[in-house]
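Some notes on the structure that comes next.
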Amino acid sequence: MPSAILTQGLTKRYGRRPGIETLDLEVVPGEVFGFIGPNGAGKTTTIRLLLDLLHPTSGQAAILGLDSHRDSVAVRRSVGYLPGEFGLDVRMTGRQSLQYFAALRGMNDLGLAPELAARLDLDLDVPMGRLSRGNRQKIGLVRALFHRPALLVLDEPTTGLDPLVQDTFLQILREARDEGRTVFLSSHVLSEVERVCDRVAIVRAGRLAALETTESLLEKRRKRVTLVFAAPVDPSPFAQLPGVSDVWAQENTVSLRLRDGIDAVVKLAAQHTLVDLAVVHPTLDEVFLGYYDQRQPWPV
Amino acid sequence: MARLTPVGTLVLHQLRVRWRSLLIWGVALGGLGALYVALYPTMSEFLNDYIENAPDSMKQYLGDLQGPISVDQWLSIELGNAIIPIALPFLVILMGARTIAGSEERKTLDALLSNPLARWQVIAGSAATMAVSLAGVLALTWLLIYIAVPLAGVDMPPGQLAAGLAALWPFCLFFGALALLFSSLLRRGAVAVTISAAILVAMYVIEGLAEAIKPVEPLRVLSLLYHYGRPLEGDFPWTAVLGTLGGVCVVVAAAMAAFARRDVYT
């Protein structure tokens with residue numbers, strides 16, 4: 001089975017400004033793949049290159065085994081795409097818009113649209129000009145999903161959605177994965193990436209900074225360890241331990257960040273009277289910020 | 001029911017979205033034409049006096065008029081050589097400009113291109129929509145004028161007016177095609193409108209001035225209006241019509257090529 005997405009040296013420059021630089025990426029069929037990075041990192045550029053909306057400066061991309069440029073019509077037949085920003089024809093209702101898109105896809109009906117609209121609590125018969133931002137986003141989601149595409153490419157899909165609808169939407173993505181479909185999810189909402197993605201790529205300044213399973217990325221997170229002693233202690237020995245950073249002390253408390261195992265910290269703490277010990281595992285956001293911290297070396 | 005091709009679906013969708021505005025255009029132009037026809041019996045004496053006493057340059061400007069002015073000459077002066085060729089191209093100029101640059105600005109192009117459509121089909125769909133829209137507006141214009149003909153008690157063969165309006169169809173379409181090309185090349189719909197409209201107005205000004213100002217006369221060949229002559233009152237301008245249709249095809253093909261090479265931004 002061909003890769004859902006395969007890019008080789010994919011590069012896009014806007015004049016002298018880089019959009020994305022020599023991106024090598026493989027997304028396997030049936031996974032939910034998170035593509036994360038801050039604004040301007042190159043996420044949307046990458047998606048637009050995959051969908052042949054932008055032409056690469058160099059390199060190539062294949063979607064489901066088809067060349068993203070040469071076979072772009074066939075590619076888009078199998079892809080559901082939600083743009084990060086999109087306009088709607090405000091004179092039409094959601095149903096009319098979906099009927100138009102269904103006709104362009106050669107479909108005789110609205111496919112999954114009625115079911116998706118019901119699950120997302122979306123009225124398809126309201127003129128789109130009267131819809132709230134969240135409901136407009138739901139129209140975009142239904143348009144991306146209604147033809148049951150083999151590959152879903154979603155650019156910031158939960159923008160404007162309330163938490164309950166976000167939950168429903170993430171459940172829909174899990175179901176798509178369970179059906180063997182692939183999801184390429186660009187986001188800067190890391191909590192949703194953490195909840196739904198099997199693998200995550202982090203982009204920084206147009207380059208791939210990390211590509212790992214969500215699990216292993218989270219395992220690499222630096223824990224925040226807080227030690228409470230019976231009396232004030234000198235924190236400097238903790239700072240000299242391997243894998244320890246950001247040490248600070250206040251009264252009887254010493255707090256530090258820890259990348260590796262906790263054994264050395266516990267042994268050093270045991271030389272004093274330890275009252276309490278707390279280990280907090282950071283969210284993916286903090287892992288992500290770690291990759292963006294200029295003091296940190298690039299992992300890839 | 002037979003399934004439409006993607007281009008057919010695009011055309012049908014655009015016509016559904018725009019039918020009200022097309023109706024307004026047709027009723028406005030047809031209503032104006034009908035008004036001119038209705039006014040002709042009471043205006044003809046005044047018009048003949050006006051033409052008889054007009055300076056030669058004015059007579060030349062109005063088409064070297066001699067003798068009593070007929071209803072088709074009157075319609076030609078007011079409608080066929082002024083209002084329709086200046087106003088109606090704007091209908092399709094706006095449509096052409098909205099197709100690529102305008103859709104990009106409204107952020108609707110991404111969603112359209114997420115469907116299994118080739119880019120040339122988007123251009124072909126837009127060109128076909130413009131052609132059908134213009135034909136509809138001109139047909140409605142003809143119909144309303146012809147309702148007024150027996151009511152006004154004037155004599156005017158239906159075929160002549162139909163042929164004259166039909167000749168204006170490729171003329172107007174050409175400017176829509178130009179707007180489509182500029183919309184494919186540029187990123188601002190307003191710029192595509194401005195350039196296309198400027199070309200139209202320049203042609204109109206050249207044709208108007210060339211009648212009266214000798215040094216401008218060599219430039220007349222650059223104006224489509226010159227090649228069309230007075231389609232509502234003369235012979236059907238076959239050469240101009242066929243040449244313009246060829247020009248439309250070339251410009252639309254250039255728009256397809258430009259859009260195929262173009263990046264689409266949000």
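So that the names make sense, note that chain A is the first sequence line, chain B the second, and so on, each numbered from 1.
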Can you tell which part of Leu112(B) gets under 4.5 Å to a heavy atom of chain A, answering side chain, backbone, both or neither?
both

The single option from Leu152(A), Leu50(A), Val153(A) that satisfies side-chain contact (heavy atoms from CB on, under 4.5 Å) with Tyr81(A) is Val153(A)

With only heavy atoms counted, which part of Arg143(A) is less than 4.5 Å from chain B, the side chain, the backbone, both or neither?
side chain

Turns out that what part of Leu82(A) lies under 4.5 Å from chain B's heavy atoms comes down to neither

Taking the basic N atoms (NZ, or NE/NH1/NH2) and the acidic carboxylate oxygens, is any pair closer than 4.0 Å for Arg187(B) and Glu105(B)?
no

Arg48(A) portion near chain B, given a 4.5 angstrom heavy-atom threshold:
side chain

State, without any angle test, whether Asp125(A) and Thr93(A) hold a side-chain donor-acceptor pair at a distance under 3.5 Å.
no

For each of Ala74(A), Gly106(A), Ala144(A), tally heavy-atom pairs with chain B at distances under 4.5 Å, and name the one with the top tally.
Gly106(A)

What residue in Gln121(B), Arg262(B), His13(B), Arg106(B) has the most heavy-atom pairs under 4.5 Å with chain A?
His13(B)

Could you check whether atom CG of Asp109(A) has more than 12 heavy atoms from other residues, nucleotides or ligands sitting under 6.0 Å from it?
yes

Examine whether an atom of Leu51(A) lies under 4.5 Å from a heavy atom of chain B, and if so say whether it belongs to the side chain, the backbone or both; otherwise answer neither.
neither

Do Glu175(A) and Arg119(A) meet the salt-bridge criterion of a basic N to acidic O distance under 4.0 Å?
yes

Report the relative orientation of the aromatic rings in Phe184(A) and Phe33(A); use parallel for angles under 30°, tilted for 30 to 60°, perpendicular for over 60°.
parallel

